[in-house]
Amino acid sequence: MGQHRRRGSRRHRLLAPSLFTALSAVVVATVVAGTHGFDLSDATAAGKEARSPRAVAVAPATSPAATTAAPASPAPAADTTPSRTPTPAPSATPTPTDSPSATAPATPDAHSVVLGATGPAPADNRETATVGALFSGSVAPGNHFCTASVLHSATGNLLLTAAHCLTSADGVTFAPGYRDGSAPYGTWQVTAIHTASGWSEKGDVDEDFAILETAPSNGRKVEDVVGGNKLGTDEPFGATVRLYGYPADAEVPNLCTNTTAQQSAYQRVIQCPSYPSGTSGGPWINTATGDVVGAIGGYQQGGDTDDTSYSAYFDHTIAELYDQAEAAAS
């Protein structure tokens, strides 16, 4: 798996003797104090994965290098994309064969959209239908723990979510278009999880994304029923996206449209209110291209406040993961 090439920063330079002495004192005080202070788990404890007895996942331990890769507070930079060779995206998204209505709009109504405002996602909509909730156990109110979306592929059975959402596929079910206790399109069992080596080996927040395989349901693949979103890579940080997510304490997905910014070299940030636990894995769909360019996760496992969300940047790393997942699912 290809890894990000990190840019140099002042963090790698030698500290002045006085500063080194001061930091040494802080480290000693931290050890004496116990598990707080610089405990790596504190940086991601809030996150946006629903933490309930029903959730099957525990995020991998985050390494010191991964934690220091992002600043302690959001500091959006200029709209510049990391310099690398763009990866060709998969072919165009197919039209769903089973949609709620033959006249249902392809995307939410773009008229009168207030940027940065959050509300319920519309029902009977082809894009909304590709977004669903992940369940541990029965598909019932209160059992969903993260958000996922259908990723367009030749195999027709792939989903996109955050890597920190789950470490096992056992008993995990995906319900696209879920709302109010109902799965209008059916449900699909998750059978395999694909993550980048940076995440699986050291919990790198810049690779906090996962591609899931699903088994056919009643002889039908999930993309054949609801369609899928094309993977977008190397797209500008300053994109306007539709952000979806299922709050753990709600039975209807949230939708917010806003422009993203660059939080760090490999992290996007967006300001959208009311994205609490449960929204991890929710897709960021570019309003101009229709590509999915992010998933709630990454820094602070997606954000430690409800109003700010993050995503690892989609570049060659997820493109290579996509190719591997598609080959494995064939």
Side-chain angles (χ1 to χ4, degrees), residues 49-50 52-57 93-102 104-108 119-153 155-162 165-166 168-193 210-229 242-255 277-283 285 292 295-296 329:
E49 171 200 356
S52 72
R54 288 178 290 270
V56 299
T93 303
T95 301
T97 56
D98 291 27
S99 58
S101 168
T107 57
D124 299 340
N125 176 279
R126 290 201 295 275
E127 183 177 276
T128 304
T130 66
V131 182
L134 292 174
F135 290 80
S136 174
S138 61
V139 177
N143 277 6
H144 55 90
F145 60 91
C146 268
T147 304
S149 59
V150 183
L151 190 60
H152 170 62
S153 66
T155 57
N157 63 343
L158 301 183
L159 309 178
L160 172 70
T161 190
C165 276
L166 67 171
S168 171
D170 294 344
V172 178
T173 301
F174 174 65
Y178 171 84
R179 61 180 57 219
D180 298 325
S182 174
Y185 307 100
T187 61
W188 281 261
Q189 293 297 310
V190 175
T191 58
I193 305 167
I211 296 176
L212 313 180
E213 292 181 49
T214 58
S217 177
N218 296 320
R220 298 188 299 176
K221 298 178 179 179
V222 63
E223 188 174 348
D224 292 337
V225 177
V226 299
N229 303 306
R242 286 183 288 272
L243 183 66
Y244 291 89
Y246 281 84
D249 59 355
E251 301 304 308
V252 174
N254 280 347
L255 172 61
S277 62
T279 58
S280 280
I285 299 178
V292 56
I296 295 177

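Just so it is clear, the values below take in all heavy atoms, side chains as well, and ignore hydrogens, waters and symmetry mates.
Here the two rings, on Phe174 and Phe135, have centers that are 6.0 Å apart or farther.
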Practice problem: Would you sort out whether Leu159 and Thr214 count as a side chain to side chain contact (heavy atoms under 4.5 Å, CB included), showing the intermediate values? | Solution: CA-CA 8 Å; Leu159 309 178; Thr214 58; 3.5 Å; yes
Quiz item: Can you check side chain to side chain contact (heavy atoms under 4.5 Å, CB included) on Val292 and Leu160, steps first, answer last?
Solution: CA-CA 9 Å; Val292 56; Leu160 172 70; 3.6 Å; yes
Quiz prompt | Check against side chain to side chain contact (heavy atoms under 4.5 Å, CB included), Phe145 and Val172 | solution = CA-CA 10 Å; Phe145 60 91; Val172 178; 4.2 Å; yes
Quiz item: Can Tyr244 and Ile285 be said to form a side chain to side chain contact (heavy atoms under 4.5 Å, CB included), step by step?
Solution: CA-CA 8 Å; Tyr244 291 89; Ile285 299 178; 3.9 Å; yes
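With sequence neighbours excluded, no residue forms a side-chain hydrogen bond (donor to acceptor under 3.5 Å, both in side chains) with Thr147. For Ala250, the side-chain contact (heavy atoms from CB on, under 4.5 Å) partners at least two apart in sequence or on another chain are Pro247. In terms of the side-chain hydrogen bond (donor to acceptor under 3.5 Å, both in side chains) criterion, residue partners of Thr155 (sequence neighbours excluded) are, by chain and number, Ser153, Asn157. For Thr130, the side-chain contact (heavy atoms from CB on, under 4.5 Å) criterion is met by Val150, Asn229, not counting sequence neighbours. By the side-chain contact (heavy atoms from CB on, under 4.5 Å) test, Asp180 pairs with Glu251, Val252, sequence neighbours left out. Every residue two or more places apart in sequence or in another chain that forms a side-chain contact (heavy atoms from CB on, under 4.5 Å) with Pro253 is listed here: Ala121, Arg179, Tyr246.
In this structure, the side chains of Asn254 and Pro120 stay at 4.5 Å or more apart for every pair of heavy atoms. Looking only at side-chain heavy atoms (C-beta outward), Glu213 and Val190 stay at 4.5 Å or farther from each other. Proximity of Leu243 to Ile296: side-chain heavy atoms (C-beta onward) are separated by under 4.5 Å at one or more points.
Closest of all the heavy-atom pairs between Ser280 and Thr161 is O-OG1, 4.3 Å. Of all heavy-atom pairs between Ala169 and Ala192, the closest is CB-N, 4.1 Å. When all heavy atoms of Leu158 and Ala329 are compared, the closest pair comes out as CD2-CB, 4.0 Å. Between Leu151 and Glu223, the closest heavy-atom pair is O-OE1, 3.7 Å. Nearest heavy-atom pair across Asn143 and Gly137 is ND2-C, 4.2 Å. Heavy atoms only, all atoms of each residue included: Ala175 and Ala183 are closest at CB-CB, 4.1 Å.
The structure places CD of Glu49 at 10.0 Å from CG of Leu134, a figure rounded to the nearest 0.5 Å.
Distance alone, capped at 3.5 Å, places no donor-acceptor pair between the Trp188 side chain and the Pro176 backbone.
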